[in-house]
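Below, read A as the first sequence line, B as the second, and so on, with proteins coming before strands; counting in each chain starts at 1.
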2 protein chains.
Amino acid sequence: MSRTAADPYEKCAVETALDLIDGKWKGVILFHLMGGTLRFNEIRRRAPGATQRVLTKQLRELEADGLILRTVYAEVPPRVEYRLSPLGESLSPIIEALKAWGTAYQESGAEARRAA
Amino acid sequence: MSRTAADPYEKCAVETALDLIDGKWKGVILFHLMGGTLRFNEIRRRAPGATQRVLTKQLRELEADGLILRTVYAEVPPRVEYRLSPLGESLSPIIEALKAWGTAYQESGAEARRAA
DNA sequence: CAGGATCCGTTAAGATACTG
DNA sequence: CAGTATCTTAACGGATCCTG
């Protein structure tokens with residue numbers, strides 16, 4: 001954050017935000033948590049293709065970043081619930097916007113062009 | 001895109017969108033191009049820390065994804081201008097939202113907590 | 001059930017040098 | 001000016017096996 005140029009501050013904000021949702025499954029996780037609290041295996045089911053290791057890691061990162069809350073119930077069998085923190089919820093409009101934009105992009109056939 | 005579950009479609013849209021702006025400097029590039037057409041070295045100046053190689057690569061990816069347009073002027077010295085495509089411009093609201101959110105995140109002191 | 005520990009392959013990204 | 005060509009490193013993501 002040197003602030004040598006005119007507006008490096010603004011630039012960093014975009015970077016900061018993107019860094020937080022950077023990770024192959026973070027967007028997906030956040031999106032599904034927007035629907036309410038989920039347990040580990042429930043998230044896993046909604047993110048087929050992601051392994052436990054990766055999922056766990058990204059959940060921990062999201063937690064460390066303060067975007068989600070992790071609640072462990074000391075019972076047996078173990079139960080761990082994940083839900084959006086207030087900060088995470090404040091991302092909802094953006095996730096929704098991304099979803100809408102992604103949908104439009106897909107339907108525009110731009111994906112096909114990309115593959116080509 | 002198996003569509004086996006209830007709504008894998010929606011999930012993929014979020015993923016699709018994030019994939020397009022995934023890359024350490026893509027968000028920064030797009031943000032600065034929102035201010036108007038820029039030449040290669042102008043972008044470089046606005047993304048200190050990014051090397052030519054990385055910058056070139058990400059610019060090419062953005063171009064391949066149809067988010068930016070690259071215009072080469074056959075003159076000497078060479079001049080190459082980058083600007084947002086209509087599709088790229090449609091991302092502006094999202095980039096702005098990310099910037100606003102990132103700023104709020106930074107000011108909330110959440111970054112400090114993250115480092116700790 | 002919800003992970004932790006390990007090993008491994010791929011890719012992103014950085015450093016550096018050179019060119020039309 | 002705007003790249004390309006190599007090389008190296010670090011991080012990410014995946015697969016598998018094990019445990020409180």
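One can place CG of Asp22(B) at 20 Å from P of dT10(C), the figure rounded to the nearest angstrom. The CG-C1' distance, from Leu38(B) to dC1(D), rounds to 15 Å in whole Å. Rounded to whole Å, atom C1' of dG4(C) lies 12 Å from atom CZ of Arg70(A). Between the CG atom of Leu55(A) and the P atom of dG3(C) there is a distance of 9 Å, rounded to whole Å. If you measure from atom CZ of Arg79(B) to atom P of dA2(D), you get 9 Å, rounded to the nearest angstrom. Here dA2(D) presents its P atom at 11 Å from CG of Leu59(B), a figure rounded to the nearest Å. In this structure, the NZ atom of Lys24(B) is 10 Å from the C1' atom of dA11(D), given to the nearest Å. If you take CD of Glu63(B) and C1' of dG3(D), they are 13 Å apart, rounded to a whole angstrom.
For Pro78(B), counting side-chain heavy atoms from C-beta on, the closest listed nucleotide (dA2(D), dG14(C), dC17(D)) is dA2(D). Among the nucleotides dG14(C), dG14(D), dA2(C), the one closest to the side chain of Val54(B) is dG14(C). Nearest nucleotide to the Trp25(A) side chain, out of dG3(D), dG14(D), dA13(C): dG14(D). Looking at the side chain of Phe40(A), the nearest of the listed nucleotides dG3(D), dG4(C), dA2(C) is dA2(C). The side chain of Arg39(A) approaches dA2(C) more closely than any other nucleotide in the set dA2(C), dG3(D), dG3(C).
Checked by atom type and distance alone, the side chain of Glu42(B) pairs as donor or acceptor with a backbone atom of Arg39(B) at under 3.5 Å. Not a single donor-acceptor pair under 3.5 Å links the side chain of Glu63(B) to the backbone N or O of Ile68(B). Of the possible polar contacts, one joining the Ser85(B) side chain to the Gly66(B) backbone as a donor-acceptor pair under 3.5 Å is found.
Distances shown here put every side-chain N or O of Lys57(A) at or beyond 4.0 Å from the OP1 or OP2 atom of dG13(D). Applying the 4.0 Å criterion to OP1 and OP2 of dA2(C), one finds that Arg60(A) has every side-chain N and O outside that range. In this structure, Gln52(A) does not reach the dT16(D) phosphate: none of its side-chain N or O atoms is under 4.0 Å from OP1 or OP2. Taking side-chain N and O atoms only, Arg45(B) has no distance below 4.0 Å to OP1 or OP2 of dA2(D). In terms of phosphate contacts, Arg44(B) brings no side-chain nitrogen or oxygen within less than 4.0 Å of OP1 or OP2 of dA2(D).
A donor and an acceptor atom sit less than 3.5 Å apart, one in the side chain of Arg53(B) and one in the base of dG14(C).
Note on Tyr82(A): only backbone sugar-phosphate atoms sit closer than 4.0 angstrom, heavy atoms only; bases stay farther off. Residue-level contact check: Gln58(A) touches the backbone only, with heavy atoms under 4.0 Å from sugar-phosphate atoms and none from bases.
Taking CD1 of Ile29(A) as the reference point, atom CD1 of Ile21(A) lies at 12.0 Å (rounded to 0.5 Å).
With hydrophobic clusters built from ILVMFWY side chains whose heavy atoms lie under 4.5 angstrom apart, Leu69(A) does not share a cluster with Leu33(A).
We find that Glu81(B) and Arg83(B) are not joined by a salt bridge, their nearest charged nitrogen and carboxylate oxygen being 4.0 Å or further apart.
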